[in-house]
Amino acid sequence: MKSDINLTLNKLISYALDNLLLDALDETYTLNRLASACGFSSPVRDEDADYGDATLETLLAELAAAAPKVDATVIADILFPMPRTVNYYFSAKLARDVKKGVDFLFDLYAHGYKNLSQSPALTKNGYACYYGDAEIPMRAATLNVGEELVYTPRVLGNHIAALENRDIMSNDVLSRQAAYVSAYGGAIAVKSGDNAEYACCDEIALASAPVKKQISNGTVKISLLDYPAPALAFNGIAKNAVVREAGKAIKAAAQADYACTVAAAAKDGVTFYIVFADGLKPNEFIKCNGSALDVCGVVKTVNCLPLLSVLEKGTALNNELAEFRPIYDKIGGVKLGDKAKAELCGALVDMYIPLLKAAATATEEQVAALVEPKQ
């Protein structure tokens, strides 16, 4: 058994040297840390250890077989490079090509971590997604990008990342963030007025919300959206003009004491969304925590995967899943295949929309009045 652990640990070292930016000067130190995490007291470095075509996922499974009590996230945290190392390479790549810089991060972190947590089932309408919590070691996945920006790749189904900045309107921050976002066709969101915390994701309900009222058709198009909470969209090719008009609305909202959340999408120019909702309260299935993404329609739920499995297989709900009885009854019992996912998604959306409506901080008439031309 000891020889199995030693061989597997050496394979992990070889893999990290080739794929995870591990410096050769740190390989013995890293081997000792891995061994300690596995309760193995006498590791020996074997430079000939060959991982072949093995992935990080298969190597971690091999290690788990040799050391059943090992924590995969601890092992990954040891293997992955320190932020300063990644930031050095990231900054160099970013200076040459934004998309290659972002790809580098996702290839290293997101793709490397994705096998450490269950893949979630995602909805198609952007309002809700259902999955269990993923335990991602944040130390290894937090990067300082210049003085203002912090980039934290995480994996929760879609590419989701956190971007933090103290002032959404300073130093042309939008153009820098839009470059990150456009590389993945996603959106960024920030709770206006807070110490800004951004998140980018592939899906956002706002992007598919229909226009309820067109307020302005100038250089910057301003629209009132048909959304559970009042929401404005500012769209234009000239990002500075869009930022300026959105900034006026944000300031007017603050003066009127309407709390709001801002989202920005880099697609067909740039679009700023302002959602006049705040502080969503959770229910027994929806796990809102007041973050910017909650009001933008991307929320967590309790881990619904066991229920989804029951629905897809067409089996009855057992006593161990009794807490799912209300939503199970709402769906109408078992469904098969994709219909099960659609029914579960619809039930979650039906639960989410009232929460969003209840979190509204202004009426549609009050919101439209903030940006309508003065007579």
Side-chain angles (χ1 to χ4, degrees), residues 1-90 103-120 131-145 150-157 159-162 164 300 303 305-306:
M1 181 64 74
K2 288 185 177 180
S3 61
D4 290 343
I5 294 178
N6 194 76
L7 176 59
T8 303
L9 292 179
N10 274 279
K11 287 181 183 179
L12 284 166
I13 293 296
S14 298
Y15 181 91
L17 285 167
D18 291 343
N19 300 286
L20 301 178
L21 302 182
L22 179 63
D23 193 292
L25 294 175
D26 294 330
E27 62 184 66
T28 299
Y29 166 74
T30 304
L31 176 64
N32 289 335
R33 291 186 66 204
L34 290 174
S36 178
C38 296
F40 181 44
S41 59
S42 54
V44 178
R45 179 70 180 115
D46 179 4
E47 296 182 358
D48 295 326
D50 183 11
Y51 60 90
D53 295 328
T55 62
L56 179 60
E57 179 185 20
T58 57
L59 290 174
L60 289 173
E62 184 179 320
L63 182 61
K69 294 183 179 180
V70 69
D71 185 335
T73 59
V74 171
I75 298 299
D77 201 35
I78 293 171
L79 285 172
F80 277 76
M82 292 293 288
R84 63 175 177 270
T85 302
V86 180
N87 204 55
Y88 172 81
Y89 288 98
F90 172 63
D103 282 341
F104 164 74
L105 286 181
F106 276 111
D107 287 341
L108 178 65
Y109 280 137
H111 294 170
Y113 280 129
K114 71 178 180 181
N115 294 312
L116 303 183
S117 59
Q118 280 190 318
S119 297
Y131 46 74
D133 290 332
E135 295 182 7
I136 304 299
M138 298 304 291
R139 190 279 305 167
T142 299
L143 303 169
N144 290 317
V145 183
V150 177
Y151 187 88
T152 309
R154 294 180 290 124
V155 182
L156 296 174
H159 287 315
I160 297 181
E164 296 180 4
K300 278 189 179 183
N303 187 352
L305 295 178

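When a residue number appears, it is its place in the shown sequence, counting from 1.
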Output the distance between atom [atom1] ([X]) and atom [atom2] ([Y]), rounded to the nearest 0.5 Å.
X     : Y     : atom1 : atom2 : value
Leu7  : Leu63 : CG    : CG    : 11.0 Å
Tyr15 : Asp50 : OH    : CG    : 13.5 Å
Leu20 : Thr30 : CG    : OG1   : 10.5 Å
Ile78 : Ile13 : CD1   : CD1   : 9.5 Å
Thr85 : Phe80 : OG1   : CZ    : 13.5 Å
Glu27 : Ser14 : CD    : OG    : 8.0 Å

Could you walk me through whether Leu34 and Leu79 pass side chain to side chain contact (heavy atoms under 4.5 Å, CB included), step by step? CA-CA 8 Å; Leu34 290 174; Leu79 285 172; 3.8 Å; yes
Applying side-chain contact (heavy atoms from CB on, under 4.5 Å), can you list everything that pairs with Glu62, at least two apart in sequence or on another chain?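 Partners of Glu62 by the side-chain contact (heavy atoms from CB on, under 4.5 Å) criterion, ordered by chain and then number, come out as Thr8, Lys11, Leu59.
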Not counting sequence neighbours, which residues clear side-chain contact (heavy atoms from CB on, under 4.5 Å) with Ser36? List them please.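 With neighbours one apart ignored, the set is empty.
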Heavy-atom nearest pair, Val70 first then Ala64, reads CG1-CA, 3.9 Å
State whether the side chain of Asn32 and the backbone N or O of Pro43 hold a donor-acceptor pair below 3.5 Å, judged by distance alone. no
Would you check if the side chain of Asn10 reaches a backbone N or O of Asp46 as a donor-acceptor pair within less than 3.5 Å? yes
Go through Leu21 and Tyr88 one step at a time and tell me if the side chain to side chain contact (heavy atoms under 4.5 Å, CB included) criterion holds. CA-CA 11 Å; Leu21 302 182; Tyr88 172 81; over 6 Å; no
Can you tell me which residue pairs pass the salt bridge (charged side-chain N to carboxylate O under 4.0 Å, His left out) test with a partner in residues 16-26, sequence neighbours excluded?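 Residue pairs passing salt bridge (charged side-chain N to carboxylate O under 4.0 Å, His left out), neighbours aside: none found.
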For Leu60 and Thr55, run side chain to side chain contact (heavy atoms under 4.5 Å, CB included): C-alpha distance rounded to whole Å, both residues' side-chain angles, the deciding distance at 0.1 Å, then the answer. CA-CA 9 Å; Leu60 289 173; Thr55 62; over 6 Å; no
Report yes if some heavy atom in the side chain of Val44 is under 4.5 Å from a heavy atom in the side chain of Leu31; otherwise report no.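 Contact flag for Val44/Leu31 side chains = no.
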